[in-house]
Amino acid sequence: MTEISRAHKPKMSREHAFALLHQMLRIRRFEERCVELYTQEKIRGFLHVCIGEEAVGTGVMHNLRADEAVISTYREHGHALLNRISMERVMAEMYGKRDGCSLGRGGSMHLFDAERRFFGGNAIVAGGLPLAVGLALADRLQGIERATVCFLGDGAAAEGAFYESLNLAALWQLPVLFVCENNHYAMGTPIEVAHAETAIHRKAEAIGVPARQVDGMSVVQVEAAARAALEEIRGGQGPRFIECDTYRFRAHSMFDPQLYRDQEEVAQWKERDPIDRLANWMQQAGLLDEEQQASLDREVTEEVEAAVRFAEDSEWEAVTDLHEHVMAPAPASLEPPPEAEKGETEMSLREAFARGLEEALSHDKRVFIMGEDIGRYGGCYAVTRGMLEHFGPERVRDTPLSENAFTGAGIGAALGGMRPIVEIMTVNFSLLAMDQIVNTAATLLHMSGGQFPVPLVIRMATGAGRQVAAQHSHSLENWYAHVPGIRVLYPATVEDARYMLWSALQDPNPVLIFEHVMLYNHSAELTPQPDGVDIDKAVIRRPGRDISLITWGGCLYKSLEAAELLARDGIEAEVIDLRVLRPLDRDTLIESVSRTRRAVVVDEGWLTGSLAGEILAILSEQAFWELDAPLARVCSEEVPMPYPRHLEESALPQVDKIVATARRILGEQA
């Protein structure tokens, strides 16, 4: 544990001490008033106050520059107030009013301010740590020398994201200050029950992050430690970790009956109240008298009451704005791909994906790619082979096996001004990153009231057919297509594989691109697309009049083959390649089915809860009176994917199943 040098100890002039006391008192009185307002049902949801912990945020943030980013936890009111967001806007957010710092959409746990680089609280324990790593990475890649501060609780140190994020920060020597507010209870479980090693800073040291432990009830000690750590970080020495031993005087949240601790323990900690401690020292040093302290208290109380009046007078956001800030508006027109091919040329989808990546790296300095084994190994599916040598390790970045952390770091880097492309080796591994994709990437724009779009692209291989059994053969695109706030693409042709990425990188929203493993080797003549491809619309791959076969991804060519077989008997099937799974192109679907009056959806996902079921529901709701026959779907059998080839093939949609289903709908014998 590094000792704090005399040079880093705060110079406690009256003005300095008074500023620290003022900030801590602002937080305390604000929090106390919020508790009152909660009992009056003015504030709802979860309310986590930091009464007793004011010294930590105050000591750390007193050293921050205005352009240095802050990531907080769900107990972030104090951090937000510390020279970042006005008390009026914070209070209005607590009420859920339109004048709140997040337009009332975030509430107590999600305070944001883009202008002041306050990237907010996070209701997911340890969810902010990967974002802090990404913000620091964005600064590193852009040559900006500044720190990012990430607050976390002791409970976060039990999460995998803690270890993954600190490892990335240490591995890449990123300018992050991690500050652990160790209040001894994650929620109601004492730290000695939850951690084999109760000294959290030792965990950071074991990972490779220099760390120190300080008395978190002393704003002077916290400030000294933060000053030293921030100077080291700004000097290019990599991340630092401070564990602040502190205590919350109030419950975990307003729902907490506090049965896990006795009042004697609370009383003992209150004797170390950080506000009283500083005020008493100032009085003994002749820096503060009772009248000055009372005057300061009145001033702060007046500020709090003015904030309450502001919140009371603010208006609610109109219900007509409900769908605002779910997706950021895309550019009115997209830039065409700068290296579109001039003539037809044959290539595989693997080569097409690679060309798209090379084009993006060559023509946009904000673009970098990261993922497991994408550099030295060349990618699990050889899509990124040779790119490390061409673009270097900063822009083709190998990561540890830590999907949650590096996906979250991609989100943070996007918030920091970059255009990251994250490769998740297989869709199964994305389940380890689902927290960051669903809880953060998809929600930040909405929760921040439109302040934080997340221009991130995530690529992942998906699908079955290679005899790799149940854990590497999923088709989970429907899970992600269920989530508002993200775009889901599934290219299946060489044109889409080649050009979709350039369009996706111009989208200010998170974009997931699924790549079917059985299509990487599929080759075809590439028709140049000098204007790029439309990532809003489905495509009719084969026109027809008798029945619509609706599909995407790995089932596209099976559906086209089925259409060829049906055509031999005079049945003209129209094949629609959805290719954009969220948002669905409903117009193309309804227009096609209104002409053919029959439809079969072919989906490699399981039947129950399938995207096929959603499509059939849309057609039933919006084109029912155009139908001449019941709708149908062909999906994978409801079993984990088998290893033996004959069983795997039996479990998947196949051409004969598609043909038989189409004939049944048409009233013919199979």
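Every heavy atom of this structure was used, including side-chain atoms; hydrogens, water molecules and symmetry mates were not.
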If you compare all heavy atoms of Val176 against all heavy atoms of Ala132, which two are closest, and at what distance to 0.1 Å? CG2-O, 4.0 Å
What distance do Met460 atom CE and Phe514 atom CZ have between them, rounded to the nearest 0.5 Å? 4.5 Å
Polar side chain donor-acceptor pair, Asn478 to Glu614, under 3.5 angstrom: no
Rounding to 0.5 Å, atoms CH2 (Trp316) and CG (Asp321) come to a distance of 14.5 Å
Validation row, ring centre His252 to ring centre Phe46 under 6.0 Å: no
Lys/Arg N to Asp/Glu carboxylate O, Arg487 vs Asp507, below 4.0 Å: yes
What I want to find out is whether Lys97 reaches Asp99 closely enough, with some N-O distance under 4.0 Å, to be called a salt bridge. no
Treating Asn182 as the side-chain partner and Asp245 as the backbone partner, does any N or O pair qualify as donor plus acceptor under 3.5 Å? no
Can you check whether Trp479 reaches Val438 side chain to side chain, under 4.5 Å on heavy atoms? no
Using modelled atom types and a 3.5 Å cut-off, is there a donor and acceptor pairing between side-chain atoms of Thr407 and backbone atoms of Asn404? no
Quick test of your reading of the model: are Glu303 and Arg29 salt-bridged, counting only N-O distances below 4.0 Å? no
Does the distance from a Lys or Arg side-chain N to an Asp or Glu carboxylate O, for Glu291 and Arg298, drop under 4.0 Å? yes
Tell me whether the rings of His48 and Tyr74 are parallel (<30°), tilted (30 to 60°) or perpendicular (>60°). tilted
Using a 3.5 Å distance criterion without hydrogens, assess whether the side chain of Glu164 forms a donor-acceptor pair with backbone atoms of Ala405. yes
Closest approach of Ile27 and Leu81, non-hydrogen atoms and distance? CA-CD1, 4.3 Å
Residue pair Leu37 / Met94, side-chain heavy-atom distance below 4.5 Å: no
Keeping the roles fixed (side chain from Ser218, backbone from Gln221), state whether a donor-acceptor pair exists under 3.5 Å. yes
Is the closest side-chain heavy-atom distance between Val222 and Thr246 below 4.5 Å? no
Check whether any side-chain N or O of Thr440 sits under 3.5 Å from a backbone N or O of Ile411 as a donor-acceptor pair, and report yes or no. no
Qualifying residue for side chain to side chain donor-acceptor pair (under 3.5 Å) with Arg105, from Glu317, His325, Glu93, Glu324: Glu317
Between Ser108 and His77, is a side-chain hydrogen bond (donor to acceptor under 3.5 Å, both in side chains) present by the stated rule, with each step listed? CA-CA 7 Å; Ser108 169; His77 313 149; 2.7 Å; yes
Write down the atom of Leu25, the atom of Val300, and the distance for their closest heavy-atom approach. O-CG1, 3.7 Å
Within a reach of under 6.0 Å around CD of Glu290, are more than 12 heavy atoms found that belong to other residues, nucleotides or ligands? no
Glu223/Arg227 salt bridge by N-O under 4.0 Å criterion: yes
Would you say the side-chain atoms of His79 and Glu181 include a donor-acceptor pair closer than 3.5 Å? yes
Distance (rounded to the nearest 0.5 Å) between Asn439 CG and Ile124 CD1: 4.0 Å
After noting the C-alpha distance and the side-chain angles of Trp281 and Leu287, does the key distance pass the side-chain contact (heavy atoms from CB on, under 4.5 Å) rule? CA-CA 8 Å; Trp281 177 85; Leu287 303 178; 3.6 Å; yes
For Asp113 and Arg89, what are the C-alpha separation, side-chain angles and deciding distance, and is it a salt bridge (Lys or Arg N to Asp or Glu O under 4.0 Å)? CA-CA 10 Å; Asp113 194 309; Arg89 294 182 64 225; 2.7 Å; yes
Mind telling me whether Phe18 and His22 have parallel, tilted or perpendicular rings, with 30° and 60° as the class edges? tilted
Any side-chain heavy-atom pair of Phe30 and Met91 under 4.5 Å: yes
Working to the nearest 0.5 angstrom, can you tell me the gap between Leu278 CG and Gln23 CD? 12.0 Å
Working for side-chain contact (heavy atoms from CB on, under 4.5 Å), residues Leu129 and Leu166: CA-CA 8 Å; Leu129 276 72; Leu166 265 66; 4.0 Å; yes
Within the distance-only criterion (no hydrogens, no angle test), does the side chain of Glu54 pair as donor or acceptor with the backbone N or O of Gly52 below 3.5 angstrom? yes
Assess, by modelled atom type and distance only, whether the side chains of Asn280 and Asp276 contain a donor and an acceptor separated by less than 3.5 Å. no
How far apart are the C-alpha atoms of Arg28 and Phe249, what are their side-chain angles, what is the distance that settles it, and do they pass the side-chain contact (heavy atoms from CB on, under 4.5 Å) test? CA-CA 11 Å; Arg28 176 70 59 86; Phe249 297 162; 4.0 Å; yes
From CG (Leu21) to CZ (Arg14), nearest 0.5 Å: 10.0 Å
May I ask you to decide whether Glu68 forms a salt bridge with Arg146, counting only side-chain N to carboxylate O separations under 4.0 Å? no
Check whether NZ of the Lys or CZ of the Arg Arg240 lies under 6.0 Å from the centre of the six-membered ring of Phe178 and within 45 degrees of that ring's axis. no
Return the minimal non-hydrogen interatomic distance between Ile200 and Ala157, and the atom names on each side. CG2-CB, 3.7 Å
Can you tell if the side chain of Arg272 reaches within under 4.5 Å of the side chain of Asp215, non-hydrogen atoms only? yes
Contact between Arg582 and Pro484 at the side-chain level, heavy atoms closer than 4.5 Å - yes or no? yes
Gln142 side chain vs Gly416 backbone, donor-acceptor pair below 3.5 Å: yes
Measure up the Trp269 and His184 rings against each other and bin them: parallel (under 30°), tilted (30 to 60°), perpendicular (over 60°). tilted
Closest non-hydrogen atom pair between Leu168 and Ala409, with its separation: CD1-CB, 4.5 Å
So do Phe118 and Ser72 actually touch side chain to side chain, heavy atoms under 4.5 Å? yes
Just verifying a value: how many Å separate Phe151 CZ and Leu177 CG, rounded to the nearest 0.5 Å? 7.5 Å
Assess the residue pair Glu36 and Lys42 against the criterion (salt bridge (Lys or Arg N to Asp or Glu O under 4.0 Å)); give the C-alpha distance rounded to whole Å, side-chain angles, the decisive distance to 0.1 Å, and a yes or no. CA-CA 9 Å; Glu36 294 175 1; Lys42 302 283 188 177; over 6 Å; no
If only atom types and distance count, is the side chain of Gln268 paired as donor or acceptor with the main-chain N or O of Glu265 below 3.5 Å? no
Carefully, step by step, assess Tyr95 and Glu312 under the rule side-chain contact (heavy atoms from CB on, under 4.5 Å). CA-CA 8 Å; Tyr95 271 62; Glu312 292 278 358; 2.8 Å; yes
Quick check: closest heavy atoms across Arg419 and Pro455, and the distance to 0.1 Å? NH1-CG, 3.2 Å
Return yes if some donor-acceptor pair links the side-chain N/O of Glu243 with the main-chain N/O of His201 below 3.5 Å, else return no. yes
Counting N and O atoms only, with roles assigned by atom type, does the side chain of Tyr185 sit under 3.5 Å from a partner on the main chain of Tyr247, one being a donor and the other an acceptor? no
Just so I know, are the side chains of Leu82 and Leu64 near enough to count as touching, which here means a heavy-atom distance under 4.5 Å? no
Regarding Arg248 and Glu31, does a basic nitrogen lie under 4.0 Å from an acidic carboxylate oxygen? no
